[in-house]
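Below, chain A is the first sequence line, B the second, and so on; all start at residue 1. What you are looking at is a predicted structure, and each value in this text was computed from that prediction instead of being measured.
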There are 2 protein chains.
Amino acid sequence: MIRGATIRDVAKRAGVSVSTASLALNGKPGVSAETRARVLRAALELDYHPHTAAKNLADGRTRTIGLIAPISLEHLFSSASFFMKLFRGLHHIAQRKGYVLSLYIAESDDEAALQIKSLVRSRAVDGLVITNPTFTSPYLEEIRRYRVPFVVIGRPVGKAPFVDNDNQAVGWMATRHLIEHGHKRIAFISGPDRFTFCQDRLLGYRKALEEAGVPYSRELVWRSEIVEEDACRVVKENFPKIRFTALLAATDVQAVGAIRALKEMGIKVPRDISVVCVNESELARHFMPSLTTVDLHERELGRRAMELLIQMIEDGVVREKGIYVEASLIIRESCGCNYGKGGGNEKEQGAPQKKSGKG
Amino acid sequence: MIRGATIRDVAKRAGVSVSTASLALNGKPGVSAETRARVLRAALELDYHPHTAAKNLADGRTRTIGLIAPISLEHLFSSASFFMKLFRGLHHIAQRKGYVLSLYIAESDDEAALQIKSLVRSRAVDGLVITNPTFTSPYLEEIRRYRVPFVVIGRPVGKAPFVDNDNQAVGWMATRHLIEHGHKRIAFISGPDRFTFCQDRLLGYRKALEEAGVPYSRELVWRSEIVEEDACRVVKENFPKIRFTALLAATDVQAVGAIRALKEMGIKVPRDISVVCVNESELARHFMPSLTTVDLHERELGRRAMELLIQMIEDGVVREKGIYVEASLIIRESCGCNYGKGGGNEKEQGAPQKKSGKG
DNA sequence: CGTATCATTCGAACCGTTTTATACTATAAA
DNA sequence: TTTATAGTATAAAACGGTTCGAATGATACG
């Protein structure tokens, strides 16, 4: 690796001192326009790029954001697509503001906590984005003690700055769509309670039923892990016992499991049962029938998170606020509301994102 | 952010000089066991973590690998899942060897080249992993001039160290499976020629036909962009004109498009037409029918790439070699070879990965 | 006993920036 | 004319590590 020009080389070529060169290169005041131009030209001629590590050491900032991801994320809600979209949003803002993203994958929350500690104490990052959806209070407390700016993706159990969808609104929106098309017996396939988004979507589901005067019935709510097989299982178990005309799944893979179960029992979607779910993904888009689903706008999630984080870093203020990003319903085939209408089978509905009280 | 202990604090507490402390902490020779223990204990007591930037500046290494990804990757072959798996592999080895991954997304190859230049010249990384599948010779030449270790994921058009599947073997393997089940009229949905993996898969397809004495016919090879809609289109265009009993798609999303086209024309998969494709993904796994496909073992791809790269970094030797990672066929429903057999519908076949001459 | 050898240890230089405190102008105010 | 006051430019001191070369003391050898 060829040894590049240093700021000393630039200074010498421009006929100024190193300190003046530094000021000029960083656009700081205290340099005449003429001198600044001379320095900039010299830098250009030498193809000067400041040495990252030297800069970090001198001014104590790394311009690096640590992205903490749990290995388990891979198994969650078609998470590859979720994560990539989120990442695109994070990266977009980071790049624009001159920050770099470093990735850290941890096998467990304990390992993540350890990694975080090391990162912070060795001054490797200016801030953190934490995507572990099960990260709980003790961890957050610990991180808070480091006084490092951080933001959580998803609503954490403890108190912390976060960016998330209003998952109650998400559940509400999906359920509402089914109700509007006349359904009254709507099954809900939920996920484990350790995920706040599952709890919240269930609340939204109940709320929509309530508002419509449809009685809520516990026998219509089925727990399943967030994998196809388990959703398939709960549907097969419950279908013979319980009557329903529509089904809402907490995630897209669960919807797919449900549809497979129904198909294996000779039930057609959407002809016999309407299905709606959450998560926009390759799977939702390409499945047959294509899935009516709630798009979480992960990219926006990422953008907002990065904006919040960088603000915290640069202003030095830690805001405890949570930010909610709007979601929207994508109407496709599985709900059946445009079944048989042929032609363009996809419409997006920028839902009114009910300002549902949370807390 | 609390000011942590420096190596000077550690040295003082252990009653040694800074240089001795450094040697001890880094496990270098020239320190007595007793002294080393004392230093280590002091470091532990002070919860000392070396300052990353200072270390980088002092020894000229960053222990950081830059991961260059093109924005377009997102649209390629269910690439979210591809990328996440690749990333897991890369990260796995990187972490084990004490490296950190930084991510850089570029809108275009030009932008990527610019980013790379800046990264290298500002000494922000020790090496690069380049995932842009269309990165061509001029770019590679430029990077080579920087004398920075790098490895390309996928077979590049130019000469460069790379890690990839033997895509000729991949195409061969998939075609072979269809031939073994008696098919002679096998259509191939290929992708744009700018992707070497498309060219190679086509070669493998031809080779398998040849070996089996099945005549190759140009009318059975259809170009399509790597999106569902386009694959759907080419199938609809060709189906009425050309007779075939099986179909091989260069990617999973193209297979899905093809199946949709067939379905819309009243043809059932696998009952009427057998379908095989490449890429193991959520989509391939959960689609109905589930897709018989070639698993590219992206995680292994990532591992091997990172191993090669780190070797190049630490040995200071640039090897021009290409590494091929084995792929394997996953037999599911869409090929129909186990159609109606019920029960476990998935078997993996560690194919003999024919050592097909590539040159 | 003197000296070469070896294992330890240490002081100081160095990595390439930013930043602080200071000096030097030239101009404006007194 | 002197004295503030900006406006520029600079030298030197950080930042927190690694590493080089010299110094020290102990051991082995002739």
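Spacing between atom CG of A:L23 and atom P of C:dT17 amounts to 14 Å, rounded to whole angstrom units. With rounding to whole Å, A:H51 atom NE2 is found 17 Å from C:dC14 atom P. Distance CG (A:L25) to P (C:dG16): 16 Å, rounded to an integer number of Å. Atom CG in B:N56 sits about 13 Å away from atom P in C:dG16, given to the nearest Å. With rounding to whole Å, A:D59 atom CG is found 8 Å from C:dT17 atom C1'.
In this structure, the helix from C:dC1-D:dG30 to C:dA30-D:dT1 shows an angle of 50° between the axis at its start and the axis at its end, each fitted on 5 base pairs and rounded to 10°.
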Could you tabulate the donor-acceptor pairs under 3.5 Å formed by side-chain atoms of residues 302-316 of chain B, not counting sequence neighbours?
| unit_1 | atom_1 | unit_2 | atom_2 | d |
| --- | --- | --- | --- | --- |
| B:R303 | NH1 | B:E300 | OE1 | 2.4 |
| B:E314 | OE2 | B:Y99 | OH | 2.8 |

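Taking the six-membered ring for Trp and thresholds of 30 and 60 degrees, B:H91 and B:F87 have ring planes inclined between 30 and 60 degrees apart.
Backbone-only contact: B:T6 has heavy atoms under 4.0 Å from sugar-phosphate atoms and none from a base.
Legend: residues meeting salt bridge (charged side-chain N to carboxylate O under 4.0 Å, His left out) with A:D59, ordered by chain and number and at least two apart, are A:R63. Taking the side chain to side chain contact (heavy atoms under 4.5 Å, CB included) definition, one finds that A:S22 meets it with A:I7, A:N26, sequence neighbours left out. In this structure, the side chain to side chain contact (heavy atoms under 4.5 Å, CB included) partners of B:Q115, at least two apart in sequence or on a different chain, are A:Q95, B:Y104, B:A106, B:E111. Every side chain to side chain contact (heavy atoms under 4.5 Å, CB included) that B:D164 has, sequence neighbours left out, goes to B:R155, B:F162, B:N167. Shown here are the side chain to side chain contact (heavy atoms under 4.5 Å, CB included) partners of B:T62, two or more places apart in sequence or in another chain: B:N56, B:T64, B:D126.
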Exercise for the section: Determine, step by step, whether A:L101 and A:V129 satisfy the side chain to side chain contact (heavy atoms under 4.5 Å, CB included) criterion, reporting the C-alpha distance in whole Å, the side-chain angles of both residues, the deciding distance to 0.1 Å, and the verdict. Expected result: CA-CA 10 Å; A:L101 255 36; A:V129 174; over 6 Å; no
Practice task
For side chain to side chain contact (heavy atoms under 4.5 Å, CB included), just list the numbers for A:I130 and A:I143, CA-CA rounded to whole Å, side-chain angles, deciding distance to a tenth of an Å, and then say yes or no.
Solution key: CA-CA 11 Å; A:I130 296 172; A:I143 297 175; 3.3 Å; yes
Exercise for the section: Test side chain to side chain contact (heavy atoms under 4.5 Å, CB included) on B:Y146 and B:L119 and set out the steps. Expected result: CA-CA 11 Å; B:Y146 301 143; B:L119 281 182; over 6 Å; no
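Running 5' to 3' along DNA chain D, contacts with non-hydrogen atoms of chain A at under 4.0 Å begin and end at D:dT8 to D:dG16.
Looking at residues 9-21 of chain B, you'll see B:V18, B:S19 sit with a heavy atom under 4.0 Å from some atom of DNA chain D. Remark: B:N26, B:K28 in residues 26-47 of chain B come within less than 4.0 Å of DNA chain D through at least one heavy atom.
Legend: salt bridge (charged side-chain N to carboxylate O under 4.0 Å, His left out) pairs involving residues 6-21 of chain A, not counting sequence neighbours, sorted by first then second residue: A:R13-A:E45.
Partner of A:F150 under the side chain to side chain contact (heavy atoms under 4.5 Å, CB included) criterion, chosen from A:L140, A:I68, A:V125, A:I116: A:L140.
The pair A:R145-A:E142 fails the salt-bridge criterion, with no side-chain N (NZ, NE, NH1 or NH2) lying under 4.0 Å from an Asp/Glu carboxylate O.
Considering OG of A:S32 and CZ of A:R38, their distance stands at 7.0 Å, rounded to 0.5 Å.
The two residues B:L296 and B:N165 make their nearest non-hydrogen contact at O-ND2, 2.9 Å. Minimum heavy-atom separation, B:S122 to A:T52: O-OG1, 2.8 Å.
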Could I get a table of every N or O pair under 3.5 Å where one atom is in the protein and the other is in nucleotides 24-26 of chain C?
none

